[in-house]
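Comments concern the structure below.
Position 1 is the first residue of the sequence, and the numbers go up from there. Since the structure is predicted, the reported quantities are computational estimates derived from the model, not experimental observations. Just the heavy atoms: all of them, side chains too, but no hydrogens, waters or symmetry mates, feed the values below.
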Amino acid sequence: MSFNEVKNFINGEFKSGSSTKIHSVISPLDGEKLTTFNESTMEDLNEIVASAEKAQKAWQKVTLKERAQVFYKYKQLLESNCVELTEIIYRENGKIHAEAKAEIDKAIELTEFACSLPQFVNGENMEVSSGVYCSSTRNPLGIVASIVPFNFPSMVPHWTVVNAIALGNAMILKPSESVPISAQYIAKLLKEAGLPDGLFNVINGTQSTVENICDHPGIKAVTFVGSTKVAKIVYQRASNNLKQVLALGGAKNHIILLPDAHPDMASSNIVASMSGCAGQRCMAAATLIAVGNCDAILDKLIGDAQKIQCGTTLGAVISKAAKERIEAYITEAEQQGAKIILDGRNTIVPGKENGFYVGPTLIDYATADMKIAREEVFGPVLAIVRVKTIDEALAIENANPYGNACSVFTQSGGLANYVTENASAGMCGVNIGVPVPREPFGFGGWNESRFGSGDITGKSSIGFFTKEKKTTTKWNPEAGTNWMS
């Protein structure tokens with residue numbers, strides 16, 4: 001599969017960025033150049049905003065039920081183009097095909113939820129006093145922007161794009177400079193589905209493009225998904241410019257393993273969580289806290305992890321720099337006294353010698369103060385910390401600054417409830433390695449994993465992408481007057 005030059009999508013047309021600075025897009029699979037794109041400027045963003053303003057004013061006058069019809073057609077196009085879309089993710093992100101297809105399946109589910117919005121956004125009406133009625137309606141914000149990361153080139157854009165547009169907004173998508181190709185096909189299929197020009201736009205670029213989005217007065221709201229360091233910057237800059245902002249940051253997710261856990265279920269789920277998508281997801285298992293004697297389960301976990309094959313059941317990490325950073329974490333843990341049970345450093349896949357691969361890595365006898373147990377590694381690496389009690393485990397989980405996910409593996413309902421009630425995380429799991437909520441429940445963590453209020457998906461996203469209008473009406477002069485009317 002070959003790719004054309006990546007371009008901005010402005011008012012229904014693909015146009016190169018106006019800067020002369022050119023970026024290359026490199027495949028993590030083999031280090032080969034896939035395509036290029038021109039950096040965008042504020043002039044490009046101004047052009048997008050100008051066309052989006054005109055399109056959005058007309059779009060908001062269309063009923064929500066009619067707007068949703070576009071996404072029924074779009075869902076069908078995602079389904080019929082699934083093979084091609086899967087291959088694109090495989091090539092530009094480095095995931096194995098099964099994971100890339102699962103990402104498209106999730107994009108389809110998110111689009112299904114957008115189709116259902118007319119059943120969720122129906123307002124309220126109540127007679128609050130004799131002859132006096134109060135009603136509420138949801139109105140679009142106008143132009144909104146979504147800044148998305150490299151690890152899910154299709155799924156994460158669908159967290160925001162379909163809901164925001166269905167709710168009456170115009171959307172500007174800024175894809176990661178590492179994986180900008182999938183966004184080209186989202187634009188192509190939305191246009192084919194009948195979405196009017198100007199309502200979905202793509203702008204390509206790097207840091208300066210993000211800064212322009214945060215600063216532009218015509219953009220009313222911004223969502224961001226990425227590292228906590230950048231999430232803080234985006235949240236502060238965009239909110240200082242009086243925008244509505246929801247910025248999702250990084251994570252250090254903990255799994256608490258109890259001795260009574262089902263060995264097969266615990267092992268398979270934990271290994272899948274730490275290694276899926278090469279560990280490059282903010283819901284991946286990163287630190288396993290083994291409470292008491294869990295040796296039998298850990299032996300099973302080691303055996304399951306050893307079966308993973310790079311290039312076949314484990315994809316590449318996004319770049320050479322990412323590979324070097326992940327391997328440096330492993331080396332530092334080893335130097336600090338942790339035991340490397342399974343070592344994924346220096347992995348080379350035959351036939352893809354220039355690819356960026358890190359094999360599954362298990363690090364036992366880590367301590368809670370080590371970087372490997374505290375910081376987001378973002379690779380297929382699991383640090384194992386051993387403790388004596390469940391309260392020690394929860395103390396470690398609570399002390400971490402992030403708050404995306406925490407899971408517990410046990411066959412005791414009481415202990416499971418104790419963990420989920422006391423974990424400092426927005427998304428908890430019981431015998432589930434990746435506790436991502438499904439629609440209509442929203443995705444969103446706590447603490448330094450989220451800046452802003454509400455969730456980015458599900459019913460909670462309705463509140464973010466709309467503003468509520470309340471109307472109080474009285475038509476009957478004979479109804480009398482009291483303090484409520």
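- Using a 4.5 Å heavy-atom threshold, the side chains of Ile96 and Glu99 count as touching.
- Using a 4.5 Å heavy-atom threshold, the side chains of Met283 and Asn404 count as touching.
- Of the inter-residue distances, the one linking Ile48 atom CD1 with Asn201 atom CG reads 5.0 Å to the nearest 0.5 angstrom.
- With values rounded to the nearest 0.5 angstrom, Leu189 atom CG is found 10.0 Å from Phe200 atom CZ.
- For the 3.5 Å distance criterion, the side chains of Glu375 and Tyr329 qualify, holding a donor opposite an acceptor.
- Contact annotation: the side chain of Ile203 never approaches that of Leu173 to less than 4.5 Å [non-hydrogen atoms, C-beta and beyond].
- The backbone N or O of Ile318 lies less than 3.5 Å from a partner atom in the side chain of Gln280, making a donor-acceptor pair.
- Of all the heavy atoms in Met274 and Thr361, the pair that sits closest is CE-O, 3.4 Å.
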**OP:** Check step by step if side chain to side chain donor-acceptor pair (under 3.5 Å) holds for Asp455 and Thr457.
**Re:** CA-CA 6 Å; Asp455 291 336; Thr457 66; over 6 Å; no
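- Contact annotation: the side chain of Leu248 never approaches that of Cys282 to less than 4.5 Å [non-hydrogen atoms, C-beta and beyond].
- Ring pair Phe120/Phe113: centre-to-centre distance below 6.0 Å.
- With no hydrogens or angles considered, no side-chain donor-acceptor pair links Asn447 and Ser449 at under 3.5 Å.
- Taking CD of Glu112 as the reference point, atom SG of Cys115 lies at 7.5 Å (rounded to 0.5 Å).
- One finds no salt bridge joining Lys188 and Glu192 here, because no Lys/Arg side-chain nitrogen approaches an Asp/Glu carboxylate oxygen to under 4.0 Å.
- Residues Leu78 and Thr111 are in side-chain contact: their nearest non-hydrogen atoms beyond the backbone lie under 4.5 Å apart.
- Heavy atoms only, all atoms of each residue included: Ile308 and Pro360 are closest at CB-CG, 3.9 Å.
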Subject >> side chain to side chain contact (heavy atoms under 4.5 Å, CB included) assessment of Ile396 paired with Val385 >> reply: CA-CA 10 Å; Ile396 293 171; Val385 177; 4.0 Å; yes
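- Using a 4.0 Å cut-off between a side-chain N of Lys or Arg and a carboxylate O of Asp or Glu, Lys300 and Asp264 qualify as a salt bridge.
- No side-chain donor-acceptor contact under 3.5 Å links Glu39 to the backbone of Ile22.
- With a 4.5 Å cut-off on side-chain heavy atoms, Tyr90 and Leu29 count as touching.
- Judged purely by atom type and a 3.5 angstrom limit, Ser273 uses its side chain to pair as donor or acceptor with the backbone of Ala285.
- Scored by the ring-ring contact (aromatic ring centres under 6.0 Å, His included) test, Tyr235 finds no partners at all (sequence neighbours excluded).
- Residue Leu34 holds its CG atom at 5.0 Å from CD1 of Ile181, rounded to the nearest 0.5 Å.
- Shown here is Glu353, whose CD atom has more than 12 heavy atoms of other residues, nucleotides or ligands within 6.0 Å.
- For the residue pair Ser412 and Asp260, no side-chain donor N or O sits within less than 3.5 Å of a side-chain acceptor on the partner.
- Residues Arg345 and Thr331 have side chains that bring a donor and an acceptor to within less than 3.5 angstrom of each other.
- Of the possible donor and acceptor atoms, none in the side chain of Arg386 sits under 3.5 Å from a partner among the backbone N and O of Ala290.
- Checking Ser16 against Asn38 by side-chain atom types alone, no donor-acceptor pair falls below 3.5 Å.
- In this structure, Asn169 contributes its side chain and Ile165 its backbone to no donor-acceptor pair below 3.5 Å.
- Between His158 and Phe71, the ring center distance fails the sub-6.0 Å criterion.
- Taking the side chain as every heavy atom from C-beta outward, Gln69 and Lys73 never approach each other to under 4.5 Å.
- Counted by atom type alone, Ser182 and Glu92 present one or more donor-acceptor pairs between their side chains at under 3.5 Å.
- Nearest approach of Asn93 to Lys95, heavy atoms of both residues: OD1-CG, 2.7 Å.
- Between Val245 and Val234, the shortest heavy-atom contact is CG1-O, 4.5 Å.
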Subject >> side chain to side chain contact (heavy atoms under 4.5 Å, CB included) between Tyr402 and Thr228, worked out >> reply: CA-CA 9 Å; Tyr402 303 106; Thr228 288; 3.3 Å; yes
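- By the 4.0 Å N-to-carboxylate-O rule, Lys106 lies close enough to Glu109 to be salt-bridged with it.
- Minimum heavy-atom separation, Ala278 to Gly315: CB-O, 3.8 Å.
- The pair Lys15-Asp44 does not count as a salt bridge, with every side-chain nitrogen at least 4.0 angstrom from each carboxylate oxygen.
- In terms of modelled atom types and a separation under 3.5 Å, the side chain of Glu376 and the main chain of Lys252 share no donor-acceptor contact.
- Here the CG-CD1 distance, from Leu298 to Ile270, works out to 8.0 Å after rounding to the nearest 0.5 Å.
- Taking every heavy atom of both residues into account, Glu103 and Phe152 meet most closely at OE2-C, 2.9 Å.
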**OP:** List the steps, then state whether side chain to side chain contact (heavy atoms under 4.5 Å, CB included) holds for Ile172 with Ile219.
**Re:** CA-CA 9 Å; Ile172 301 170; Ile219 298 171; 4.0 Å; yes
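- With hydrogens and angles disregarded, no donor-acceptor distance shorter than 3.5 Å links the side chain of Ser24 to the backbone of Ile26.
- Lys232 has a carboxylate O that lies under 4.0 Å from a charged side-chain N of Glu448, or vice versa, which qualifies the two as a salt bridge.
- Taken from CD1 in Ile456 to CZ in Phe224, the straight-line distance is 10.5 Å, to the nearest 0.5 Å.
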Original post:
Yes or no on side chain to side chain contact (heavy atoms under 4.5 Å, CB included) for Ser146 and Lys174, after CA distance, side-chain angles and deciding distance?
Top reply: CA-CA 6 Å; Ser146 186; Lys174 192 278 175 193; over 6 Å; no
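- Considering only heavy atoms from C-beta on, Phe378 stays 4.5 Å or farther from Ile326 through its side chain.
- Between the Asn204 side chain and the Pro180 main chain, no donor and acceptor come within less than 3.5 Å of each other.
- A donor-acceptor pair under 3.5 Å is absent between the side-chain atoms of Asn269 and the main chain of Ile432, judged by distance alone.
- When atom types are taken as modelled, the side chain of Asp299 and the backbone of Ala296 share no donor-acceptor pair closer than 3.5 angstrom.
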